[in-house]
Participant: 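Below is a structure I'd like to ask you about.
Every chain is numbered from 1, with letters handed out A, B, ... down the list of sequences.
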Number of protein chains: 2
Amino acid sequence: MSDVAREAGVSLATVSRAINEPEKLSAETLALVRAAVERLGYVPNLNAGSLASSRSRIVAAIVPTVSNAVFSETVDALTQTLARGGYQLLLGQTAYRGGDEEGLVEAFLGRRVDGLVLTGTAQSPSLRAKLKRAGIPVVQTWDLHDKPIDMLVGFSNFEVGRAAAGHLIERGHRRLGFIGAQEERSRQRLEGFRAGAAAHGLADVEVELILPPAHMDDAGPRFAQMAARCPELSAVFCNNDMLAAAVVFECHQRGWRIPGRMAVLGLGDLPIARAAFPRLSTVEVRRGQIGARAGQMLLSRLGGEQAGPDIVDLGFEVIARAST
Amino acid sequence: MSDVAREAGVSLATVSRAINEPEKLSAETLALVRAAVERLGYVPNLNAGSLASSRSRIVAAIVPTVSNAVFSETVDALTQTLARGGYQLLLGQTAYRGGDEEGLVEAFLGRRVDGLVLTGTAQSPSLRAKLKRAGIPVVQTWDLHDKPIDMLVGFSNFEVGRAAAGHLIERGHRRLGFIGAQEERSRQRLEGFRAGAAAHGLADVEVELILPPAHMDDAGPRFAQMAARCPELSAVFCNNDMLAAAVVFECHQRGWRIPGRMAVLGLGDLPIARAAFPRLSTVEVRRGQIGARAGQMLLSRLGGEQAGPDIVDLGFEVIARAST
DNA sequence: TTGAAAGCGCTAACAG
DNA sequence: CTGTTAGCGCTTTCAA
């Protein structure tokens, strides 16, 4: 930077201003500095800037895995929203190992990230405390909680489960199945699903919980087990559209009519839901919006605007298409 | 840090060593410092460390989008590999706008990232030059090139296309279709696909190119158009398994037998290929390995090991299952 | 094995 | 509108 200053015949501060607050310089000086920057191929060291200003313009996000279509879109939207605000995204993955989260947070805090996006609300008390102490904006996502660490954007997984059960029961089904992952949010949807079934006096639901990461090719065999165990089963709620599509394929293979012999309800409204045949009924959960909204909340907080609402319930919607 | 030093009754340098090179301290001093760190809840500022040492322990990756299952797994593997080596991943997305890449690179270079992973090999000469000047390890991925900027891990998209055509022709198909995205790598596969068809004296292939991001629900309608245009069409090569699955669904809807009436070949060997019915034949391209390998190459270069091979051709394999 | 001192490259008051 | 002057919190010779 001092090279540029010398080349342009101005002070260090002026060069800094030319880069960060160009409106505060006269047109001539600005041009002078810009020319020098160009000539020297100068690339400002943002690291040094961060240190001096204690703003890193980096936000970190932690998700189970970006390989799951459901989270990848959240990360996609988040990255884009942040990029528009001049922020960059540091990515952390827990691979569904809850214990890994704390280590990642620590590392990110060490980097002095300006904000943090977490998946879920199951953080340990010690982690919660650490985060509060850090004093940076934090957004928890993909779930609800009455006492968020700081901000929250999500929806009620329990209610999703209940609504799913309601939708299936409304259509006359009495024996319901649930295929999900052994993971916090899936478990809450299961609770809601069970509650919904119980409220209508149905027998307990059939359950298959897949060890995460729940790959699509696990779902068919699990569904087969479930169907063998319970011949009266006439409807399944799958915890994402990928798993649901796998069940649809399994039904095709068996020659089972959908929804005649088996109704299939998905989650997420992924593109596959509109591409499948029959078109998948699904619970839409606005996974992209979660990322976009989290990004906006962070940006406005970092931009010093007065806080909007700290808890955003994005809700969800049961979309009835052809598979139920 | 000076608080810790005071608390432990040692110098700044000693605290620094306790954190970065504990083996160079006596057991007692080390214990002393660690206790102080614990008591004060001290979190070292890695940013300051980066500035002083000019090593950031951050690697950046640029992909079109992480929403595409094909890249998400590369990013997943890369993140994990880097994490094991103590590095973190800064994520950039171009949304398939080639022009965005240069801006992202600039921003990342400004952060003084220790390494960079790029998707594809279509970087402009000016960007190539900039990257070489930066003097950091760079890995280009998902394609081949005889003069990589620095390192490369990929496979030949042209050959993938040719092999796909060969596979289909071998099975007796004479009128072939290609469904892909309007994007560099897809286009190369198309060239290979055409070359393969031409080599066997076939008529030119039917082509549908979808504007990226190519969502799964675009594929069905495109396939329908293609089939209407060319009734003799008996096989399609889809540029990823998601699109292929959409075509499979479309065939189910029409009551077309697969592969009797229409053969469908995918790309990627995503979980959906094993979950679909019929099981999808596909071109496996080791998308996870691309990330893992890129990460390893970076780590070993950053660890000062002498360079292994700088160009890694991971190859590919046509996996014949039931859909062709 | 430990400490002192000099930066790393930038930002941010404060003056002028 | 521009320049001066201190640091930001660490790492890293070099000495002791």
Side-chain angles (χ1 to χ4, degrees), chain A residues 1-34 36-37 40-58 86 106-114 134-136 302 304, chain B residues 1-34 36-37 40-58 86 106-114 134-136 302 304:
Chain A
M1 183 159 153
S2 54
D3 292 346
V4 175
R6 195 179 323 114
E7 177 82 11
V10 298
S11 72
L12 285 176
T14 302
V15 178
S16 174
R17 286 186 192 109
I19 292 162
N20 301 310
E21 4 179 48
E23 70 283 359
K24 292 197 170 173
L25 290 187
S26 74
E28 311 150 59
T29 350
L30 188 55
L32 222 56
V33 176
R34 289 207 167 139
V37 165
L40 270 48
Y42 166 66
V43 182
N45 184 332
L46 303 187
N47 248 334
S50 300
L51 183 57
S53 67
S54 51
R55 283 179 304 107
S56 64
R57 296 209 159 256
I58 291 187
E106 209 131 325
F108 291 144
L109 252 27
R111 284 276 171 224
R112 299 298 188 266
V113 297
D114 289 343
I136 59 172
L302 292 170
Chain B
M1 183 158 152
S2 54
D3 292 346
V4 175
R6 195 179 321 113
E7 177 83 11
V10 298
S11 73
L12 285 175
T14 302
V15 177
S16 174
R17 287 186 189 109
I19 292 163
N20 301 309
E21 7 180 46
E23 69 283 0
K24 291 196 171 175
L25 290 187
S26 73
E28 310 149 61
T29 349
L30 188 55
L32 223 56
V33 177
R34 290 210 167 135
V37 165
L40 270 49
Y42 166 66
V43 181
N45 183 331
L46 302 187
N47 247 333
S50 299
L51 183 59
S53 67
S54 51
R55 283 179 304 108
S56 64
R57 295 209 159 258
I58 290 188
E106 209 131 324
F108 291 144
L109 252 27
R111 290 266 178 230
R112 298 299 188 266
V113 296
D114 289 343
I136 59 172
L302 293 170

Participant: Starting from P on dG9(D), measure out to OH on Tyr42(B) and report it in whole angstrom.
Facilitator: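 Taking atom P of dG9(D) as the reference, OH of Tyr42(B) is at 10 Å.
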Participant: Can you name the one residue among Thr29(B), Leu25(B), Val4(B) that meets side-chain contact (heavy atoms from CB on, under 4.5 Å) with Val10(B)?
Facilitator: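 When Thr29(B), Leu25(B), Val4(B) are each tested with Val10(B), the side-chain contact (heavy atoms from CB on, under 4.5 Å) holds only for Thr29(B).
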Participant: Which whole-number value in Å describes the distance from Asp3(A) CG to dC8(C) P?
Facilitator: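 It is 12 Å, rounded to the nearest whole Å.
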Participant: Using a cut-off of strictly less than 4.0 Å between a heavy atom of the residue and any atom of DNA chain D, enumerate the qualifying residues of residues 14-25 of chain B by number.
Facilitator: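 Per residue number, the list reads Ser16(B), Arg17(B), Asn20(B).
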Participant: Check whether any side-chain heavy atom of Ser56(B) lies under 4.5 Å from a side-chain heavy atom of Arg111(B), and answer yes or no.
Facilitator: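 Side chain of Ser56(B) against side chain of Arg111(B), heavy atoms only: no contact under 4.5 Å found.
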Participant: Measure from the side chain of Leu51(B), starting at C-beta and using heavy atoms only, and say which of dC10(D), dC8(C), dC10(C) lies closest.
Facilitator: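 Shortest atom-to-atom distance from the side chain points to dC8(C).
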Participant: Nearest of dT2(D), dT4(D), dC10(C) to any side-chain atom of Ala13(A)?
Facilitator: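 For the Ala13(A) side chain, the nearest candidate turns out to be dT4(D).
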Participant: How long is the line joining CG of Asn45(A) and C1' of dT11(C), in whole Å?
Facilitator: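 Result: 13 Å.
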Participant: What is the separation between atom CE on Met1(A) and atom P on dT4(D), rounded to the nearest whole Å?
Facilitator: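 Atom-to-atom, Met1(A) to dT4(D), this comes out as 13 Å.
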Participant: I'd like to know whether CD of Glu28(B) has more than 12 heavy-atom contacts from other residues, nucleotides or ligands below 6.0 angstrom.
Facilitator: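 Result for CD/Glu28(B): open.
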Participant: Give me the atom names and distance for the closest heavy-atom approach of Ala18(A) to Val33(A).
Facilitator: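 Taking every non-hydrogen atom into account, CB-CG1, 3.5 Å.
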Participant: For Asn47(B) and dG9(D), what is the distance between atoms CG and P respectively, to the nearest whole Å?
Facilitator: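 Checked: the CG to P distance equals 11 Å.
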Participant: Between dG3(D), dT11(C), dT1(C), which nucleotide has the shortest distance from any of its atoms to the side chain of Ser11(A)?
Facilitator: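 Comparing dG3(D), dT11(C), dT1(C) against the side chain of Ser11(A), the answer is dG3(D).
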Participant: Write down the atom of Met1(B), the atom of Leu12(B), and the distance for their closest heavy-atom approach.
Facilitator: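 Taking Met1(B) first and Leu12(B) second, the nearest heavy atoms are CE-O, 3.0 Å.
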Participant: Just call it for Ser26(A): base, sugar-phosphate, or nothing, with non-hydrogen atoms closer than 4.0 Å on any strand.
Facilitator: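 Sugar-phosphate contact only.
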Participant: For the CG atom of Asn47(B) and the CG atom of Asn47(A), what is their distance to the nearest 0.5 Å?
Facilitator: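 Interatomic distance, Asn47(B) CG to Asn47(A) CG, rounded to 0.5 Å: 5.0 Å.
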Participant: Give me the atom names and distance for the closest heavy-atom approach of Pro44(A) to Ile19(A).
Facilitator: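 Minimum heavy-atom separation between Pro44(A) and Ile19(A): CG-CD1, 4.0 Å.
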Participant: Arg112(B) has an atom CZ; how far is it from atom C1' of dG9(C), in whole Å?
Facilitator: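 Going from CZ in Arg112(B) over to C1' in dG9(C) covers 9 Å.
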Participant: Of the listed nucleotides (dT1(C), dT11(C), dG3(C)), which one gets closest to any side-chain atom of Val10(B)?
Facilitator: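 The nucleotide sitting nearest to the side chain is dG3(C).
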Participant: Starting at atom CG of Leu12(A), determine the distance to atom P of dA13(C), rounded to an integer number of angstrom.
Facilitator: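 Interatomic distance, CG of Leu12(A) to P of dA13(C): 17 Å.
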